[in-house]
Amino acid sequence: MTDSPRRAPVTRAGATPAGRRRLRRALAAAAVDLFVAKGYEATTVDEIAAAAGVGRRTFFRYFDAKDDVLFANHDEIVAEMEETFAAADPDRDPVEVACSAVGLVLDSYAAELDVSLKRFTLTRTVPSLRDKEVATVDRYQRVLARYLRARFTEQGDETASLRAAVAAAAIAAANNHVLRRWLRSGGQDDIAASAAEAFALVIDAFRVEEPSDETTVVAVMTTATPLHAVIAKVNAALNESQPPSGTQCHAL
């Protein structure tokens, strides 16, 4: 008697991390299409699940409520941001690192143009979805502020908490400006170039200048002052201030 051939195990949808990501995105895409076609309020969870080819219980394994499905990859992006922070060179400018991390949000929108444009329309017309979007942006900003506060504290900045909050808000504002400009263009705007320009402004605004050993001494005299008097006055000013090497002197 011979053994019958074994069947390969059937992999259930969502059984692997990659499968769960695909299923979450399938549910999100189905929801967005239904929201646009039928209206947000008129669309049910059962309809979303059926359109994605799963049951109601599967939907609730991934999302707590109907409005959560519109931002399906939010937790993934936050996790990727945290990974970016953990892997960053400790000598790199913290604000630059934070800008790179929040750029993941832009990447996620650009990767799914059709869904992004439909979601943009929905968040402008459905108040509850707009509120959900605001809460999502707020979470990104808090993640940025937490990282920046830790880095600024390590650098000995006495205003670390305040500086981190302000910098995180500026990064979030730059990100939102670029994103909305891109969405209003129908995805035609160069999102990478716009992001580079916006984040460069933020990085420059929060860059800490290295202290200089150079001191400037200014001596004020009339143009009729004799040269020997100019020299005497400059020497007196230098002796008074006892400047370090690298001093610049200007006679006016």
Side-chain angles (χ1 to χ4, degrees), residues 6-87 100-126 128-144 175-176 178-180 182-183 186-189 191-192 195:
R6 294 183 178 179
R7 292 183 179 179
V10 177
T11 303
R12 179 173 55 84
T16 64
R20 285 191 288 274
R21 283 195 296 272
R22 284 194 297 269
L23 187 48
R24 286 175 69 88
R25 287 171 183 172
L27 285 164
V32 167
D33 286 341
L34 286 167
F35 292 162
V36 170
K38 296 187 57 177
Y40 173 74
E41 296 296 343
T43 300
T44 67
V45 167
D46 288 330
E47 289 172 327
I48 296 170
V54 298
R56 178 186 178 88
R57 288 199 305 173
T58 298
F59 177 93
F60 284 112
R61 279 203 294 269
Y62 287 85
F63 304 104
D64 293 331
K66 186 170 68 172
D67 58 356
D68 288 333
V69 74
L70 203 61
F71 303 94
N73 60 347
H74 170 64
D75 289 337
E76 292 175 26
I77 294 172
V78 170
E80 289 173 1
M81 289 172 67
E82 297 285 10
E83 289 171 6
T84 298
F85 297 149
S100 296
V102 84
L104 295 167
V105 178
L106 299 177
D107 292 343
S108 73
Y109 273 78
E112 298 180 301
L113 176 59
D114 183 59
V115 171
S116 296
L117 293 176
K118 290 175 180 176
R119 179 168 50 202
F120 181 54
T121 299
L122 288 164
T123 54
R124 287 188 298 171
T125 56
V126 181
S128 61
L129 294 180
R130 173 58 182 161
D131 291 343
K132 191 71 178 180
E133 182 185 45
V134 170
T136 300
V137 172
D138 181 66
R139 186 179 175 194
Y140 290 142
Q141 187 170 323
R142 284 185 280 115
V143 170
L144 293 170
N175 176 78
N176 292 341
V178 171
L179 183 56
R180 286 190 172 83
W182 178 75
L183 289 167
Q188 298 303 306
D189 189 48
I191 194 170

Please examine the side chains of [Y] and [X], heavy atoms only from C-beta on, and report whether any two atoms are closer than 4.5 Å.
X      : Y      : answer
Met81  : Leu144 : yes
Asn73  : Arg24  : no
Val69  : Phe59  : yes
Phe35  : Leu70  : yes
Ile77  : Phe71  : no
Val143 : Phe85  : yes
Phe120 : Leu179 : no
His74  : Lys132 : no

Can you tell me how far the [atom1] atom of [X] sits from the [atom2] atom of [Y], to the nearest 0.5 Å?
X      : Y      : atom1 : atom2 : result
Glu112 : Arg25  : CD    : CZ    : 5.5 Å
Leu122 : Asp67  : CG    : CG    : 12.0 Å
Arg119 : Asp114 : CZ    : CG    : 11.0 Å
Arg21  : Leu23  : CZ    : CG    : 12.5 Å
Leu117 : Thr121 : CG    : OG1   : 7.0 Å
Asn176 : Tyr140 : CG    : OH    : 10.5 Å

For Leu113 and Gly186, work out which heavy atoms get closest and say how close.
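Heavy atoms only, the tightest pair is CD1-O, 4.1 Å.
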Taking all atoms of both residues into account, what is the closest heavy-atom pair of Leu27 and Ala49, and its distance?
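Nearest pair, atom of Leu27 first, then Ala49: CD2-CA, 4.2 Å.
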For Asp33 and Ala30, indicate whether the former's side chain and the latter's backbone hold a donor-acceptor pair under 3.5 Å.
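No, Asp33 side chain to Ala30 backbone: no donor-acceptor pair under 3.5 Å.
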Where the side chain of Lys66 meets the backbone of Thr43, is there a donor-acceptor pair that is under 3.5 Å apart?
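It does hold such a pair.
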Thr136 and Arg139 side chains, donor-acceptor separation under 3.5 Å
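Thr136 and Arg139 do not have a side-chain donor-acceptor pair below 3.5 Å.
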